[in-house]
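Report on one structure; see the data block that follows.
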Amino acid sequence: MIVLFWQFCGCIAGIMLSVVKKKNGLKLECSEQGVSVRLDGLGYWCSYRNGDAFYRRCIDGCVVRGHETPAVLSPDQADRLTSAVLSLLMSTVESMSSKVGGESAIDQQAFELLLCASRLHLKDYCERSCLGGAAYPEPVPILPPDRYGDIVIQPATGCPNSQCSFCAFYQGKRFQVLSGESLKQHVSQVKALLGSGWGGRDGVFLGSANALALSTRRLLSVLQLVCDEVGVIRRGVAAFGDADYAPVRQAGDWVSLAEHGLRQVVFGLETGDGVLREQLGKSRDLLPTRRMIEELKMAGIRIGVTILAGVGQNSHVEKTLLYVKHLPLEAKDIIYLSPLEGEGVHVSALIANQYDELLFGLRSITDAQVVPYQMKRFFYYA
Ligand code: SF4
């Protein structure tokens, strides 16, 4: 434990920070004062708490305050916050260095990382933001909640459908497959951005809106590249899929994809009501989706299904429950229940009622986990 004095927002507080080594980086904490800073393996701060205020840095350099209703700080505010965190780190190192045996309170490797973190400047953070922008020319707009911490690799950008009326991310964004060379360059940029050990992340998500639209041959080569570059990764590889925009695949193709690391596919079902689904911009025919889910399950690949709350009438709830009831879902599969929230619109009573009906109904007819999916809360954090 070390003692330091830190000035922020005009008040001086005596703060005792403990430095704890983490799987990837360090955590500096004073639980009494409610102050903590999490550093990544390269020494950049990735989260910072000061009392009730909690901040996280995103891959693209923006800084977000709060969790329930996250707000993006202006560039000036973000710079001021980063400067404050840097001052805190510098004070920590100075305090440790001035105390006899202070550095030895933590191991040499941890102290060197702390030292390196304290020597970073705003321009280093700015360069990291540029690296993030270069690695992801199409920002990562959304991931399933259980995959928020994945390494995102984008063998394609955009969406082959891109017509859905409710879609906040891909409307009108043309689907484009990266060439082999561009993909290799993208992967090495992501690697440089996340640092050694890929930032301790334990899964890979193939972006963007529908990586399963790639030909099987191309998808296998992408999975092989992931395996060569990332190695065996605990949570395997996941991707969004859409049965209406995918090449025809035989059972053997799914088995090959599973053997090459594909572990989970997430479908945007939205509703089991075909008429409503068509109104939303997707196919009315729900049979191809059911067939693809069955084929994936046969190959041992886990399923995710997103369902919207706050669309259509009662038939949405009834038909969705009926459709899901006949899907071969197990406890390891996930249904993501997503209240449809427009820009700045709060969940209305109508949406909340439908959400509750779906939540209760789904939990009683399927073994799959049913979890909330608050799309507006997604940020691809550093
Ligand atoms: S298919 Fe999915 S990603 Fe594409 S436009 Fe529709 S909701 Fe958006």
Side-chain angles (χ1 to χ4, degrees), residues 136-148 150 152-178 205-215 219 222 237-249 264-293 296 303-312 316 319-320 323-324 327 333-343 345 351 354-355 358 371-380:
Y136 294 107
E138 176 177 272
V140 181
I142 190 70
L143 290 176
D146 57 315
R147 311 292 311 200
Y148 279 6
D150 278 6
V152 176
I153 306 278
Q154 295 175 326
T157 56
C159 171
N161 178 352
S162 72
Q163 310 269 338
C164 300
S165 56
F166 63 91
C167 185
F169 312 117
Y170 291 101
Q171 267 190 47
K173 285 200 179 162
R174 207 156 60 85
F175 185 66
Q176 280 183 304
V177 179
L178 267 68
F205 198 91
L206 298 183
S208 203
N210 182 359
L212 289 205
L214 269 64
S215 72
L219 201 47
V222 171
V237 181
F240 287 120
D242 184 337
D244 300 307
Y245 296 88
V248 175
R249 293 192 169 104
Q264 184 185 17
V265 174
V266 179
F267 291 82
L269 173 67
E270 323 310 353
T271 174
D273 180 344
V275 175
L276 173 61
R277 199 166 186 265
E278 190 174 38
Q279 287 165 3
L280 292 170
K282 297 199 168 187
S283 166
R284 176 193 284 235
D285 184 2
L286 287 154
L287 203 55
T289 302
R290 183 197 307 278
R291 282 209 193 107
M292 195 159 145
I293 289 174
L296 285 158
I303 301 298
V305 174
T306 67
I307 291 174
L308 289 176
V311 289
H316 166 45
K319 291 184 177 175
T320 301
Y323 184 81
V324 171
L327 294 177
D333 300 311
I334 305 181
I335 294 175
Y336 307 98
L337 189 52
S338 174
L340 188 64
E341 296 170 72
E343 203 61 53
V345 177
I351 297 173
Q354 201 180 65
Y355 182 92
L358 282 164
V371 301
Y373 191 12
Q374 307 275 8
M375 297 195 195
K376 294 269 166 187
R377 283 194 203 157
F378 174 77
F379 290 91
Y380 191 33

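Note that ligands are numbered from 1 as they come in the structure, with each ligand's atoms numbered from 1 the same way. We use all heavy atoms of the structure for the numbers below, so side chains are in, but hydrogens, waters and symmetry mates are not.
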Ignoring hydrogens and geometry, is there a side-chain-to-backbone donor-acceptor pair from [X] to [Y] under 3.5 Å?
X	Y	value
Tyr323	Arg290	yes
Asp333	Ile303	yes
Gln163	Lys282	no

Q | Backbone or side-chain N/O/S of Cys164 under 2.8 Å of atom 6 (Fe) of ligand 1 | A | yes
Can you tell which part of [X] has a heavy atom less than 4.0 Å from ligand 1: side chain, backbone, both or neither?
X	answer
Lys282	side chain
Phe240	neither
Cys159	side chain

Q | Which atom of Leu308 lies closest to which atom of Gln354, heavy atoms considered | A | O-OE1, 4.4 Å
What atoms of ligand 1 come within less than 4.0 Å of a heavy atom belonging to [X]?
X	result
Ala209	3 (S)
Phe166	7 (S)
Ser162	4 (Fe), 5 (S)

Q | Closest approach of any protein heavy atom to atom 3 (S) of ligand 1, naming residue and atom | A | Tyr170 CD1, 3.4 Å
(Q) Suppose we measure from atom 8 (Fe) of ligand 1 to each protein heavy atom; which comes out shortest, and what is that distance? (A) Cys167 SG, 2.4 Å
Q) Does Phe240 have its ring centroid less than 6.0 Å away from the ring centroid of Phe205? A) yes
(Q) Under 3.5 Å, is there a donor on one side chain and an acceptor on the other for Tyr373 and Thr306? (A) no
Q) Between His316, Glu278, Gln279, which is the residue that forms a side-chain hydrogen bond (donor to acceptor under 3.5 Å, both in side chains) with Thr271? A) His316
